[in-house]
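Being a predicted model, the structure only gives us computed values, none of them experimental. Whatever order the structure lists ligands and atoms in, that order sets their numbers, starting from 1.
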Amino acid sequence: MNEIAQQLLAQYLEPYHPEQSIPDYIEYTFDKNHQQDTWQHSLNVAKQAVMLAERYGADQHTAQYAGYLHDLSTLLTDHEKVILAEQLRIEILDEERQVPYVLHQKLSSWLAAEWFGLDEPDLLSAITCHTTLQAELGTMDKILFVADKCSWASEDSAPFIHQMKSAAEHSLDDAIVVYLDYIWQQREQMVLHPWLKAAKSVFDMKQTGQLLSTLPALSQPISWGPVTARFQPITSLDEIDIAQISNISIVPMVGDQVVIMQLEDGRWELPGGTLEEGEHYVTALEREVMEEMGATLIDYHVFGYFQCISSAETPYRSYIPHPSFIRLTVYGQVQLNHQPLNPPDGEQVSVVDVVSIEEAIKRLSTTGRQDLADFYQIGYDISLRS
Ligand SMILES: [Fe+2]
Ligand SMILES: [Fe+2]
């Protein structure tokens with residue numbers, strides 16, 4: 001530790017000797033710095049964390065110490081937190097420069113390790129992500145996070161707290177989802193830490209997986225003529241090979257309703273289609289929406305893809321990947337402008353309806369298109385969470 005860091009810490013902390021009791025030392029320190037409230041909070045968190053550790057089979061001693069230690073670095077002002085992190089060569093993300101308070105999770109973890117010589121990975125990890133969560137969460141991370149949120153937040157400042165507490169009685173993950181959903185609704189008004197976003201996308205993916213397992217057609221390989229398609233949810237295009245994309249399909253939405261389309265021969269169909277040669281998938285999507293629904297695409301969000309394998313000898317069109325290719329799936333808002341264009345070489349659409357998701361599912365599943373019903377269901381469900 002360099003001199004600047006030492007001086008900063010010496011304003012608040014007396015040297016710690018290994019024979020001292022850590023909780024006594026922390027209590028004394030908060031007291032000396034007139035932050036008894038934070039000590040009370042830390043005691044509460046420790047108590048809650050021990051209860052949760054007992055319930056979820058984690059180490060109670062670790063949970064207790066995580067509670068004592070997690071907010072120790074809030075002694076420093078926000079400005080000092082930035083300087084200390086810089087001096088200690090702790091990485092500072094842009095979002096942490098905007099909201100330096102959040103640095104206290106990294107700094108408290110540093111204190112646990114360097115000031116007190118504690119080296120237990122679960123303890124240090126839990127303190128490091130107790131405010132923002134992170135993509136990979138161990139049981140102790142979840143325990144400290146939930147204990148902390150349930151301890152500081154009053155019903156006024158945190159209307160989710162009651163629901164979070166009751167969820168924590170049966171599942172730490174459910175308690176975290178309550179919090180994430182609440183924060184997500186407020187996201188326009190706050191700076192979201194990238195670790196929180198990563199955690200949110202992991203939990204979203206879990207929920208999508210659970211929903212998918214309840215959808216009879218979509219969770220099985222689907223046969224579309226010579227093509228066998230297997231649906232896979234994704235949150236980012238990084239997860240696929242873009243060169244494999246040869247089709248794109250959309251769950252088209254108008255506000256919170258969905259658009260469904262019926263062909264001249266009475267079949268309900270999946271909006272979207274095959275890319276033209278050299279065409280970008282977004283251009284293809286805009287074109288298909290225009291041709292099939294007479295609509296303008298306002299926005300789109302990728303939520304999955306169908307991994308397709310064709311048993312045909314030759315590709316459907318000479319330029320598309322064969323026999324394996326990707327049908328990308330998105331949901332998005334559209335604006336209906338006019339009748340479908342129905343170009344002569346495409347499918348002829350006769351009906352375009354804007355209906356509730358329930359009505360769409362009813363129509364699709366009762367006309368033998370459970371695959372489409374499931375596709376609409378999952379796209380719609382994911383759109384609600386995003
Ligand atoms: Fe904290
Ligand atoms: Fe806290």
Tell me, which N, O or S atom in D148 is closest to the Fe ion (ligand 2)?
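Looking at D148, the N, O or S atom with the least distance to the Fe ion (ligand 2) is OD1.
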Which N, O or S atom name in D71 marks its closest approach to the Fe ion (ligand 1)?
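The nearest such atom is OD1.
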Of all the N, O or S atoms in H130, which one sits nearest to the Fe ion (ligand 1)?
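Atom name of the closest N, O or S in H130: NE2.
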Decide if the gap between the ring center of [X] and the ring center of [Y] is smaller than 6.0 angstrom.
{"X": "Y16", "Y": "F116", "value": "yes"}
{"X": "H104", "Y": "Y101", "value": "yes"}
{"X": "F145", "Y": "Y179", "value": "yes"}

Within the side chain of Y376, is there an N or O that forms a donor-acceptor pair under 3.5 Å with the backbone of V259?
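Judged by distance alone, yes, a pair lies under 3.5 Å.
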Is the Fe ion (ligand 1) less than 2.8 Å from at least one N/O/S atom of H70?
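Of the N, O and S atoms in H70, none lies under 2.8 Å from the Fe ion (ligand 1), which means no.
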